[in-house]
Engineer: 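Input: one structure, supplied below.
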Amino acid sequence: QVQLAESGGGLVQPGGSLRLSCAASGSIFSMYTMGWYRQAPGKQRELVAHITSGGTIVYADSVKGRFTISRDNDKNTVYLQMNSLKPEDTAVYYCNAARAYMYWGQGTQVTVSS
């Protein structure tokens, strides 16, 4: 019903920036809460940020002040601007669409390393 496609991951040096994008299709985008999760090797998947249909935003404490989530309903896209990246931000980042069911993208790798 909802298909999600992440893009924008890659290799970046500590202190650098990346902008992740998640393009949604297959349903009505504006009615979903959109979120970004990440999972590092050996760790559980964790919420990074989400933004509701009404614009309410929640960030994980670990990314507050560094990451910004936003959505463009006209483009059916949610973004994650990642600044001041740290090695501990290295993970696979997953896009999520939530309503009655949680839909997941395939993930995009973010590696922060010198």
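The figures that follow rest on heavy atoms only: side chains count, while hydrogens, waters and symmetry mates do not. No experiment lies behind these values; they were computed from the predicted model shown.
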Engineer: Within this structure, what is the CG-OG1 distance for the pair L20 and T77, rounded to the nearest 0.5 Å?
Structural biologist: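 If I round to the nearest 0.5 Å, the distance is 12.5 Å.
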
Engineer: Can you tell me how far OG of S25 sits from CD of Q3, rounded to the nearest 0.5 angstrom?
Structural biologist: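 Reported to 0.5 Å precision, the distance equals 4.5 Å.
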
Engineer: Please check if V78 and V110 belong to a single hydrophobic cluster, counting links between Ile, Leu, Val, Met, Phe, Trp and Tyr side chain heavy atoms closer than 4.5 Å.
Structural biologist: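 Same cluster.
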
Engineer: Counting only N and O atoms by type, is there a donor-acceptor contact under 3.5 Å from the side chain of R99 to the main-chain atoms of M31?
Structural biologist: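 Yes, the answer is positive, given that a donor and an acceptor are paired below the 3.5 Å cut-off.
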
Engineer: Is there a donor-acceptor contact under 3.5 Å from the side chain of Y59 to the main chain of G65?
Structural biologist: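 Here the side-chain-to-backbone pair does not exist.
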
Engineer: Would a 4.5 Å heavy-atom cut-off, applied to side chains only, mark Q13 and L85 as touching?
Structural biologist: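 Answer no - side chains too far apart.
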
Engineer: Please determine whether a side-chain nitrogen of the Lys or Arg among K86 and D89 lies less than 4.0 Å from a carboxylate oxygen of the Asp or Glu.
Structural biologist: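 The answer is no: the pair does not qualify as a salt bridge.
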
Engineer: Does CD belonging to Q44 count more than 12 external heavy atoms closer than 6.0 Å?
Structural biologist: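 Not buried by this count: 12 neighbours or fewer within 6.0 Å.
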
Engineer: Hydrophobic clusters here meaning ILVMFWY residues chained together by side-chain heavy-atom distances under 4.5 Å, can you tell me if M82 and L47 are in one?
Structural biologist: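 Different clusters.
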
Engineer: In Å and rounded to the nearest 0.5 Å, what is the CG to OG distance from L11 to S114?
Structural biologist: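 Reported value, rounded in 0.5 Å steps: 9.5 Å.
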
Engineer: Give the ring-plane orientation class for Y32 versus Y103, where under 30° counts as parallel, over 60° as perpendicular and anything between as tilted.
Structural biologist: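 Correct class here is perpendicular.
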
Engineer: I'd like to know if L80 and I57 are part of one continuous hydrophobic network [Ile/Leu/Val/Met/Phe/Trp/Tyr, side-chain heavy atoms within less than 4.5 Å].
Structural biologist: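 Yes, I57 and L80 fall within the same hydrophobic cluster.
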
Engineer: To the nearest 0.5 Å, tell me how far Y93 OH sits from S7 OG.
Structural biologist: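 Reported value, rounded in 0.5 Å steps: 15.0 Å.
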
Engineer: Rounded to the nearest 0.5 Å, what separation is found between the CD atom of Q106 and the CD atom of E6?
Structural biologist: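 One gets 7.5 Å once the value is rounded to the nearest 0.5 Å.
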
Engineer: Using 0.5 Å steps for rounding, measure from the NE2 atom of H50 to the CH2 atom of W36.
Structural biologist: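 Those atoms lie 15.0 Å apart.
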
